[in-house]
Amino acid sequence: MHIAGMGIIFNRGRGLASLEKALAENPVVPQDIYRVPKEALTDKQVLKEARRADSFSKMATLAAYDALADSAIPEEHKQKIGIILSTALGPHVTTFGFLDDILTYGDAGVSPTLFSHSVHNAAASYIALNLQTRGPTLTLTQFGDSFRQAIILAECWLKENRCSYILVGAVDQLGKVLEYICSQKLKPPLALGEGSAFFLLTNDSKYSKYCSISALAQTTQTTGELSLPADNFAPIFGHSFSLSSFSCAAGALMLKKQTFTVHKIESLRYNCSQEESKSICLYKPSAQKAGQNNKEEGS
């Protein structure tokens, strides 16, 4: 698959310019909390259909909008876009707010708006409404490895011709409950982060703007391989369940400017098992094409 566009919102702000600036800063000064600034969520034009949405949905909508805007696909191709949103915990901040209202006001006194936004698929619905897409829409919630699973699903959808383009992204939010749990259970405590990163993916190499991406086992032989754990970007983004998606955005920008051909992002696993870490691979299109040519010549 080829990355045709990217969008990101994180503690440094919104957009790829903010990401490039953060990557250029050396050394990066660590923070205690990596929270998305409120002013980054105030785009009235983009969020006109999401004025009452929670921060979780707003972060996802803005990142997805920017990923599509960053691409060069024709306007009429919007009808062929599918959406896969991945998250570890979903809109848990809104969910806990809804539960607090039940305890305070009873079942009859809770906010219906709060309830509707506690549904995990609300953010993906806002994206589809905002972009007026007509392709399949899915929210994938998984405690660990959710973004990598979303990439695998996107590859399946494109191979099956379910749609021509897919917006794949990850979003997770900080909240008081999560901050408390991590401060009590993680020793030493980690600097937590939040945000969203989205990618517009396609099999059409004509619209490849950055590189190719895959989470499946690779058979293509390449040179100049670079393996980079997702944790390496924690000083920029903070530790979050969406860190592997942020790392892919950073890796794609690096691949566009550097000379190495492969960038492997390790997917973080947030459990106590000893499972082998899986990777999401980013390839320069030229390197992937060369590998395919060599394979055809060999056959």
Side-chain angles (χ1 to χ4, degrees), residues 3-19 34-71 73 75 77-95 97-98 113-141 146-147 150 154 163 165-175 193-201 237 240-242 245-246 248-249:
I3 299 178
M6 296 194 300
I8 189 170
I9 182 167
F10 64 119
N11 70 97
R12 304 293 184 90
R14 172 188 168 194
L16 295 178
S18 297
L19 175 58
Y34 292 75
R35 198 179 301 279
V36 172
K38 291 183 178 180
E39 56 270 20
L41 301 175
T42 56
D43 190 324
K44 294 182 179 180
Q45 182 62 33
V46 176
L47 299 174
K48 61 183 178 181
E49 302 291 346
R51 294 187 301 273
R52 304 181 71 183
D54 56 4
S55 295
F56 181 87
S57 294
K58 288 180 179 180
M59 288 190 295
T61 301
L62 290 169
Y65 176 89
D66 289 346
L68 180 58
D70 183 49
S71 72
I73 68 168
E75 180 72 18
H77 286 198
K78 282 186 178 181
Q79 305 296 322
K80 304 176 182 179
I81 297 177
I83 298 170
I84 301 176
L85 183 148
S86 66
T87 178
L89 300 174
H92 63 95
V93 176
T94 303
T95 301
F98 173 69
T113 301
L114 209 57
F115 169 73
S116 64
H117 288 99
S118 69
V119 178
H120 283 215
N121 210 41
S125 298
Y126 272 121
I127 295 172
L129 177 65
N130 176 273
L131 300 178
Q132 293 295 298
T133 61
R134 295 293 183 268
T137 301
L138 179 73
T139 297
L140 194 160
T141 304
S146 60
F147 180 66
C163 41
Y165 310 91
I166 304 179
L167 275 168
V168 183
V171 56
D172 273 299
Q173 184 182 6
L174 280 179
E194 65 176 2
S196 179
F198 263 82
F199 306 81
L200 183 65
L201 306 181
F237 304 113
S240 74
F241 298 100
S242 300
S245 66
F246 295 149
C248 281

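Scope of the values below: all heavy atoms of this structure, side chains included, with no hydrogens, waters or symmetry mates.
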Applied to residues 45-57, the side-chain hydrogen bond (donor to acceptor under 3.5 Å, both in side chains) test, sequence neighbours excluded, yields Arg52-Thr113, Asp54-Ser57, Asp54-Thr94
Under the side-chain contact (heavy atoms from CB on, under 4.5 Å) rule, collect the residues that match up with Gln132, sequence neighbours excluded. Leu129, Arg134
Residues forming a side-chain contact (heavy atoms from CB on, under 4.5 Å) with Ala249, sequence neighbours excluded: Met6, Ile8, Leu19, Phe199
Between Thr61 and Leu47, is a side-chain contact (heavy atoms from CB on, under 4.5 Å) present by the stated rule, with each step listed? CA-CA 8 Å; Thr61 301; Leu47 299 174; 4.1 Å; yes
From Leu62 CG over to Phe198 CZ, what is the distance, rounded to the nearest 0.5 angstrom? 11.0 Å
Which atom pair, heavy atoms only, marks the closest approach of Ala50 to Lys58? O-CE, 3.6 Å
Pairs touching residues 77-95 that satisfy salt bridge (charged side-chain N to carboxylate O under 4.0 Å, His left out), sequence neighbours left out: Glu75-Lys78
Interatomic spacing from CG in Asp70 to CD1 in Ile3 - rounded to 0.5 Å: 10.5 Å
Nearest-0.5 Å distance, OH of residue Tyr65 to CG of residue Asp43: 7.0 Å
Which residues pass the side chain to side chain donor-acceptor pair (under 3.5 Å) test with Thr133, sequence neighbours left out? none
If you compare all heavy atoms of Leu167 against all heavy atoms of Ala67, which two are closest, and at what distance to 0.1 Å? CD2-CB, 3.8 Å
Apply side chain to side chain donor-acceptor pair (under 3.5 Å) to His120 and list each qualifying residue two or more places apart in sequence or on a separate chain. Thr141
Atom CG in Leu41, atom CD1 in Ile9: separation rounded to 0.5 Å? 4.5 Å
Which heavy-atom pair separates Val119 from Pro91 by the least distance, and what is that distance? O-CG, 4.0 Å
Give the table of side-chain donor-acceptor pairs shorter than 3.5 Å for residues 83-90, with sequence neighbours excluded, one pair per line with atom names and distance.
from: Ser86; atom 1: OG; to: Gly169; atom 2: O; distance (Å): 2.9
from: Thr87; atom 1: OG1; to: Gly90; atom 2: N; distance (Å): 2.9
from: Thr87; atom 1: OG1; to: Val171; atom 2: O; distance (Å): 3.0
from: Thr87; atom 1: OG1; to: Asp172; atom 2: OD1; distance (Å): 2.9

Can you tell if the side chain of Glu194 reaches within under 4.5 Å of the side chain of Val93, non-hydrogen atoms only? no
Residues which pass ring-ring contact (aromatic ring centres under 6.0 Å, His included) with Phe237, listed by chain and number, not counting sequence neighbours: Phe10, Phe246
To the nearest 0.5 Å, atom CG of Asn11 lies from atom OG of Ser240 at 10.0 Å
Identify the two heavy atoms, one from Ala60 and one from Ser196, that lie closest to each other, and give their separation to 0.1 Å. CA-OG, 3.6 Å
Smallest separation among heavy atoms of Leu200 and Ser71, with atom names: CD2-OG, 3.4 Å
Parallel, tilted or perpendicular, as decided by the 30° and 60° cut-offs, for the rings of His77 and Tyr165: tilted
Rounded to the nearest 0.5 Å, how far apart are CD1 of Ile166 and CG of Leu201? 7.0 Å
Set of residues satisfying ring-ring contact (aromatic ring centres under 6.0 Å, His included) with respect to Phe98, sequence neighbours excluded: Phe115
Under the side chain to side chain donor-acceptor pair (under 3.5 Å) rule, collect the residues that match up with Asn130, sequence neighbours excluded. none
